[in-house]
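What you see is a predicted model; the values in this text were computed from it and never measured. These values consider heavy atoms only, across backbone and side chains, with no hydrogens, waters or symmetry-generated copies.
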Amino acid sequence: MQSYVGTGDEWTVAGRSFASRLVVGTGKYKDLPTTAAAIEASGAEMVTVAVRRVNLSDRNAPMLQDYVSPQRYTYLPNTAGCFTADEAVRTLRLAREAGGWNLVKLEVLGPPPTLYPDMQATFEAAKALIKDGFEVMVYCSDDPIAAKRLEEMGCVAIMPLGAPIGSGLGVQNPLMIQMIIEQAKVPVLVDAGVGTAYDATFAMELGCAAVLVNSAIAMADDPVLMARAMKAGVEAGRLAFRAGRIPRRGFASASSPMTGLIRS
Amino acid sequence: MSVTSEATRITVNGEPLAVAPGMSVAGLIAQLGLDTRKVAVERNLEIVPRSTYADVRLTPGDALEIVHFIGGG
């Protein structure tokens, strides 16, 4: 069957092109084999990863890299758990040494229950990381002014939240996401808040370059099936965006011609 | 590796560890049974480039962080 997705419709970030517009997280899975199977089913080419201390008391524990090959997938190391610019820079310098690349996901979060992006700290960390040579994809609030400022600082992708991390509520503020997309010259990704496939479709219909999903796949009853659903959802949304939807109207418009009707 | 009175006392990932005098970062990683291709090392807040593991000698009081990639969102 011919695929209309991915052929000549890649998106590009920091000089790297991707056919898949679904970026997936690798956290919260019950085990590494499920992680690997779900990512395979998602069709994703880019995956987010965290940087943590090696467990010295269990040195034979399986490693993510044994299941999700960094040769096959572009690892996007994150700064989850970092609360200051210094911590973020320190963590990503280690990631760069472990992985050998500069493309990173900056996220500086406030405390639960919101885990909302701490924008003051995010600005400071973005500045420090860009100065240190990193290409920064930045998780941020759905604030068009903040998004523009991050782009002007040199961030290579803007990633506003659709809804709080892990909430599964979908895009809560589509107007602001759309404003951010319309003014941006770098890719905009909805990161966080996707609950099910149509949330991803909706984000793509708004014109996002891609969508980042973790919890909605990892915590589904069947993560592999949900990964496949997300793949289809993202593709549907992208195709619909490209096709151009009909305007919303407050009245009916017959689908069948009103001429040539038989009459008695 | 036996720990002698001349052992070099360091900290690895927050845990105290005694290693043989003059041990290199490469030696430590081998002793810990880790794969150099899958980890990154920070020594006293400075990255240790992988290419220098064999040359960098551990000194008493060194604080090392050895990290790897795990699942994350």
Exercise. Within a reach of under 6.0 Å around CE of A:M219, are more than 12 heavy atoms found that belong to other residues, nucleotides or ligands?
Worked result: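 12 or below, so no.
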Exercise. Applying salt bridge (Lys or Arg N to Asp or Glu O under 4.0 Å), which residue pairs with at least one partner in residues 159-172 of chain A are found, sequence neighbours left out?
Worked result: none
Please look at [X] and chain A and tell me whether the side chain, the backbone, both or neither of the residue comes under 4.5 angstrom of a heavy atom of that chain.
X: B:V41; value: backbone
X: B:I66; value: both
X: B:L34; value: side chain

Across chain B and chain A, what donor-acceptor pairs are shorter than 3.5 angstrom?
unit_1: B:N13; atom_1: O; unit_2: A:R53; atom_2: NH1; d: 3.3
unit_1: B:N13; atom_1: ND2; unit_2: A:V54; atom_2: O; d: 3.0
unit_1: B:K38; atom_1: NZ; unit_2: A:D66; atom_2: OD1; d: 2.6
unit_1: B:E42; atom_1: OE1; unit_2: A:R90; atom_2: NE; d: 3.0
unit_1: B:E42; atom_1: OE1; unit_2: A:R90; atom_2: NH2; d: 2.6
unit_1: B:E42; atom_1: OE2; unit_2: A:R90; atom_2: NE; d: 2.7
unit_1: B:R50; atom_1: N; unit_2: A:E97; atom_2: OE2; d: 2.6
unit_1: B:R50; atom_1: NH2; unit_2: A:E97; atom_2: O; d: 3.2
unit_1: B:R50; atom_1: NH2; unit_2: A:A98; atom_2: O; d: 3.3
unit_1: B:E65; atom_1: OE1; unit_2: A:R53; atom_2: NE; d: 2.7
unit_1: B:E65; atom_1: OE2; unit_2: A:R53; atom_2: NH2; d: 2.8
unit_1: B:I66; atom_1: O; unit_2: A:V54; atom_2: N; d: 2.8
unit_1: B:H68; atom_1: N; unit_2: A:R52; atom_2: O; d: 2.9
unit_1: B:H68; atom_1: O; unit_2: A:R52; atom_2: N; d: 3.0
unit_1: B:I70; atom_1: N; unit_2: A:A50; atom_2: O; d: 2.8
unit_1: B:I70; atom_1: O; unit_2: A:A50; atom_2: N; d: 2.9
unit_1: B:G72; atom_1: N; unit_2: A:T26; atom_2: OG1; d: 2.9
unit_1: B:G72; atom_1: O; unit_2: A:T26; atom_2: N; d: 2.8
unit_1: B:G72; atom_1: O; unit_2: A:T26; atom_2: OG1; d: 3.4
unit_1: B:G72; atom_1: O; unit_2: A:G27; atom_2: N; d: 3.4
unit_1: B:G72; atom_1: O; unit_2: A:T48; atom_2: OG1; d: 2.9
unit_1: B:G73; atom_1: O; unit_2: A:T48; atom_2: OG1; d: 3.4
unit_1: B:G73; atom_1: O; unit_2: A:N78; atom_2: ND2; d: 2.5

For this session: Go through the steps to decide whether B:V67 and A:V54 satisfy the test side-chain contact (heavy atoms from CB on, under 4.5 Å), and finish with yes or no.
Result: CA-CA 5 Å; B:V67 303; A:V54 168; 5.6 Å; no
For this session: Flag the one option from A:A98, A:G25, A:A80, A:A95 with the top tally of heavy-atom pairs under 4.5 Å to chain B.
Result: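 That would be A:A98.
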Problem set entry | Structural part of A:A218 lying under 4.5 Å from a heavy atom of chain B |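 No part of A:A218 comes within 4.5 Å of chain B.
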Problem set entry | Side chain / backbone / both / neither for A:L94 at chain B, heavy atoms under 4.5 Å |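 Both parts, heavy atoms under 4.5 Å.
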Exercise. Does some side-chain heavy atom of A:V49 sit less than 4.5 Å from a side-chain heavy atom of B:I70?
Worked result: no
